[in-house]
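Take a look at the structure set out below.
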Amino acid sequence: MIGRREVLAGLVLTAFVRPASATPERMAAAIAAFSGNATPKPGRIHLEIAKLIDNGNTVPITVTVESPMSAADHVTDIAIFNERNPETEVIRCMLGPRAGKAEVSTRIRLATSQKLVAIARMNDGSCWTHTVDVIVALAACLEGEAP
Amino acid sequence: MARALIHMPATAKKGEIIEIRALIAHPMETGYRPGSDGKLLPQDVIRRFSCSYNGERIFAAELHPAISANPYIAFFTVATDSGTLEFSWAGDKGFAQTERMSLTVSPA
């Protein structure tokens, strides 16, 4: 039987190993560094992810941008940011007119329920953004290896 | 050598947009997870991925610890000429791997 003392000790240990998480301020700073002078406007980009996530260890994610992907008008970069993982950056993809289609998929980790932001930068310097709130049931990166 | 899986068509028509899906076996250890001894495991992640088509870079990505273990990336490209697509991954602890796939392009 597990006594109250063990439970308390467990709680303290959990609190201790929990990593410091990124903050909305750190995310805003990372986004500003990515977009430069351009203020990201909502639209043109779509971040596709499940709203309710059972397991934060592998979450499929797809980003699509409306763009003809021609030499004159194309997406140069797509980046994803989060506000509560230990690090605010997730991925940054560099594309060009050779992509033909501005769509990228990957699988990510989510430490907790939080906001995710995708930003696309066009060759004319404009930036477009889409924000999604997700709920994570089982968090990634808190549990360690099996003893 | 880590196991790498690349899915893409072997043939395409000129101008066709093809999907490329690349996955590589790698733990992507974040540096924020405790090991069995309670100490944090050192960070070991793939930092960069790039794809070049007949020598020209057509796609690249910077990866962070928030990418899942066995990183999977899917993207698109326009089939222009027959040739070789080269996929490279690079990361912590000197991780570097390159895979090649050939593509045969028929006239549209």
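Proteins get letters first, then strands, A, B, ... in listed order; numbering begins at 1 in each.
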- Note on the structure: Checked I18(B), I67(B), I58(B), V78(B) vs chain A; the most non-hydrogen pairs under 4.5 Å come from I67(B)

- Query: Would you call K51(A) and D133(A) a salt bridge, using N to O less than 4.0 angstrom?
  - Reply: no

- Checked I78(A), N82(A), T58(A), I80(A) vs chain B; the most non-hydrogen pairs under 4.5 Å come from T58(A)

- Item | Portion of I17(B) that has a non-hydrogen atom of chain A nearer than 4.5 angstrom | side chain

- Message: Looking at E86(B) and R100(B), is there a salt bridge between them, counting it only when a charged N and a carboxylate O are closer than 4.0 Å?
- Response: yes

- At a heavy-atom separation under 4.5 Å, does S50(B) approach chain A through its side chain, its backbone, both, or neither? neither

- Task: Tell me, for L23(B) versus chain A, whether the close heavy atoms (under 4.5 Å) come from the side chain, the backbone, both or neither.
- Result: side chain

- Item | chain A contacts, top residue of N70(B), L63(B), T77(B) (heavy-atom pairs, under 4.5 Å) | T77(B)

- When you measure from the centre of the six-membered ring of F34(A), is the NZ or CZ of R92(A) under 6.0 Å away and within 45° of the axis? no

- Task: Check whether any side-chain heavy atom of M28(B) lies under 4.5 Å from a side-chain heavy atom of V45(B), and answer yes or no.
- Result: yes

- Message: Just so I know, are the side chains of I73(B) and F59(B) near enough to count as touching, which here means a heavy-atom distance under 4.5 Å?
- Response: yes

- Message: Please rank A66(B), S68(B), P71(B) by heavy-atom pairs under 4.5 Å with chain A and give me the top one.
- Response: S68(B)

- Query: For R57(B), is it the side chain, the backbone, both, or neither that has a heavy atom closer than 4.5 Å to a heavy atom of chain A?
  - Reply: side chain

- Per-residue tally against chain A (heavy atom, under 4.5 Å) across G15(B), G31(B), A60(B) peaks at A60(B)

- Message: Is there a path of hydrophobic side-chain contacts, each under 4.5 Å between heavy atoms, that joins F76(B) and V75(A)?
- Response: no

- Query: What part of E16(B) gets closer than 4.5 Å to chain A, counting heavy atoms only: side chain, backbone, both or neither?
  - Reply: neither

- Query: Going hydrophobic residue to hydrophobic residue with side-chain gaps under 4.5 angstrom, can you get from I61(A) over to F49(B)?
  - Reply: yes

